[in-house]
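Atoms considered below: every heavy atom in the structure, side chains included; atoms not considered: hydrogens, waters and symmetry mates. Naming: A, B, ... by sequence-line order, numbering from 1 per chain. Note that the structure is predicted; figures quoted are calculated from it, not measured.
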Number of protein chains: 2
Amino acid sequence: MAKSKEPKKDLYTIPIDGFFQSAFSVDCVIFGYHEKELKVLLIQRGTSPYEGDWALPGDLVYPHEDLDTAADRVLMELTQLEDMSMLQVKTFGKVDRHPLGRVITVAYFALVELQEISPMASSWANDIKWHSVKRIPKLAFDHKDILMECLDALRSLIKREPLWTRVLPKKFTLTELQEVFETVLVKKYDKGNFRKKVNGMKFLKRLEESQINVRHRPSTLYKFDQKLFLQYRESGSVVEF
Amino acid sequence: MAKSKEPKKDLYTIPIDGFFQSAFSVDCVIFGYHEKELKVLLIQRGTSPYEGDWALPGDLVYPHEDLDTAADRVLMELTQLEDMSMLQVKTFGKVDRHPLGRVITVAYFALVELQEISPMASSWANDIKWHSVKRIPKLAFDHKDILMECLDALRSLIKREPLWTRVLPKKFTLTELQEVFETVLVKKYDKGNFRKKVNGMKFLKRLEESQINVRHRPSTLYKFDQKLFLQYRESGSVVEF
DNA sequence: TCAAAAGTGTTATAGGTACACCCATGT
DNA sequence: ACATGGGTGTACCTATAACACTTTTGA
């Protein structure tokens with residue numbers, strides 16, 4: 001996360017030669033999870049406006065680039081994660097949301113495994129860092145609003161969509177799964193009741209394998225079956241965590 | 001809904017003098033309800049591209065206009081309804097969604113009382129008409145996708161948000177309310193159970209008034225209490241229809 | 001007195017919550 | 001043997017669904 005001496009690439013510094021009138025951008029709320037911690041990836045701006053402030057990573061949408069692709073690109077540039085699909089949440093389009101001109105921005109979010117951010121990514125800004133969602137600093141533009149909307153979206157979607165598969169190993173224990181939900185939703189689940197619910201979800205398949213080298217009774221491992229999940233969804237059953 | 005000889009105002013005809021590269025627009029899915037019928041307001045395009053095809057009403061966003069304001073303006077120009085807030089659903093930004101250039105469009109919807117469309121509105125297009133949601137014609141651009149997304153949004157939101165207040169009189173019967181839900185969600189509710197649910201919603205207040213001149217037992221009238229509803233919502237109770 | 005819709009009550013079942021207790025493993 | 005979490009069972013409560021029945025009006 002060291003500062004870089006390379007020329008900064010700034011997200012919102014559009015050719016300011018009098019031509020900048022309007023533009024669209026994507027802003028990405030990248031949530032990182034690891035062992036009962038939920039964080040969000042923020043950059044520290046290296047250029048005006050809001051120089052030095054923390055902000056969401058984002059970029060202008062290229063002329064021949066789909067909106068979704070632009071969001072995925074930002075994620076990829078920061079985390080090297082490919083094939084991730086960022087989820088669209090809401091578009092922010094107040095006239096005065098950007099001091100230099102009209103910028104309409106589309107907010108996206110994703111939940112990924114917490115990881116070290118490669119130095120490459122630091123060309124984006126002065127600094128780039130994971131921040132606990134419990135302690136969000138003051139943010140540039142209307143990024144605080146954007147972040148909050150995306151946090152709401154994450155909390156509501158994770159109950160229905162298998163977003164959590166991104167942050168757990170292929171084979172996981174039910175306690176690990178329960179911890180993801182407890183962390184994201186900031187609430188406790190009863191162990192027994194949680195397991196009863198999982199039992200009703202046939203796409204969560206119990207394996208014939210257990211943990212090893214743990215100093216307590218080893219836990220049975222489970223895996224997520226994508227095909228069964230899709231069938232499940234087709235059938236119209238709406239089971240939520 | 002007669003054709004107009006006035007110069008057509010086309011939603012997507014931007015100064016095509018070689019400068020048109022990108023623009024943002026709003027597209028509005030205006031649902032109209034009246035007596036167990038759910039319709040949607042469509043215009044017939046008077047200009048290329050897609051001339052003659054049906055399409056959603058929409059317009060480019062003015063340089064100094066908020067996104068939400070633009071959507072409300074489109075609704076107002078068509079229906080004379082003010083103080084309506086269109087609800088944002090999703091932004092559509094595929095590169096090739098508009099044949100003449102890059103147009104990113106933000107989809108909004110509203111549910112309003114079905115009404116005659118004023119002749120004034122017809123300056124927008126060749127024709128403008130309510131279509132049953134059960135028989136949607138082929139639509140221009142990706143408007144079919146947009147419409148479907150908005151229909152999903154309506155169906156999911158109406159259970160939690162009092163959108164239905166827009167299509168019922170101030171004083172209404174529970175049967176009228178039930179019919180709104182049955183029509184929008186295309187399913188039947190049990191009378192007794194529906195009333196039990198309403199009884200639990202303290203913001204639906206029973207009045208000391210009844211219907212008159214009906215050839216059956218007169219129904220008690222109810223009203224929606226906005227203040228109580230907001231309290232309810234603050235308190236975190238999540239009661240849905 | 002009849003049709004039509006309002007309005008109420010009963011029962012069965014499913015799902016959620018709280019909690020207690022036993023089990024398997026490493027140290 | 002004991003600490004640590006894994007794993008299961010039960011009893012209670014509430015929400016929902018299906019359905020039957022009574023009530024009030026105009027014609």
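- Atom pair A:F194:CZ and D:dG9:P shows a separation of 19 Å (rounding to whole Å applied).
- Residue contacts shown for A:T173 are absent, as no nucleic acid heavy atom lies under 4.0 Å away.
- Taking atom NZ of residue A:K197 and atom P of nucleotide C:dG15, one finds them 10 Å apart after rounding to whole Å.
- Taking the charged nitrogens against the carboxylate oxygens, A:R73 and A:D59 do have a contact shorter than 4.0 Å, which makes a salt bridge.
- For A:K191 against D:dG6, a side-chain N or O and a base N or O form a donor-acceptor pair under 3.5 Å.
- Going from atom CD of B:Q178 over to atom P of C:dA5 covers 13 Å, rounded to whole Å.
- Along DNA chain D, the nucleotide closest to A:Q211 and the one closest to B:I212 are compared, and the more 5′ of them pairs with A:Q211.
- Contact annotation: side chain of B:R217 to base of D:dT23, donor-acceptor pair present below 3.5 Å.
- Rounding to whole angstrom units, CD of residue B:E176 and P of C:dA5 are separated by 13 Å.
- Side-chain atoms of B:K196 stay outside donor-acceptor range of the base of C:dT8, with no qualifying N/O pair under 3.5 Å.
- Rounded to an integer number of Å, the gap from B:Y222 OH to C:dA6 C1' is 10 Å.
- Rounded to a whole Å, the CG atom of A:N199 is 15 Å from the C1' atom of C:dG16.
- The side chain of B:N193 sits closest to D:dA17 out of D:dA17, C:dA5, C:dT8.
- Defined by atom type and a distance below 3.5 Å, a donor-acceptor pair is present between the side-chain atoms of B:S237 and B:S235.
- Side-chain N/O atoms of A:S219 include none lying less than 4.0 angstrom from OP1 or OP2 on D:dG5.
- Taking atom OH of A:Y189 as the reference point, atom P of D:dG6 lies 17 Å away to the nearest angstrom.
- Within the 4.5 Å cutoff, the side chain of B:C28 has no heavy atoms near those of the B:L75 side chain.
- Comparing D:dT4, D:dG7, C:dT25 by their closest approach to the side chain of A:H216 singles out D:dT4.
- Relative ring orientation between A:W164 and A:F181 is described as tilted, the plane-to-plane angle lying within the 30° to 60° band.
- The nucleotide whose nearest atom lies closest to any side-chain atom of A:R195 is, among D:dG26, D:dG7, C:dC19, D:dG7.
- Residue B:T175 has a polar side-chain atom (N or O) positioned under 4.0 Å from OP1 or OP2 of C:dA6.
- In terms of modelled atom types and a separation under 3.5 Å, the side chain of A:D190 and the main chain of A:G192 share a donor-acceptor contact.
- For B:T220, no side-chain nitrogen or oxygen approaches OP1 or OP2 of C:dA6 to under 4.0 Å.
- Distance CG (A:D190) to C1' (C:dC21): 13 Å, rounded to an integer number of Å.
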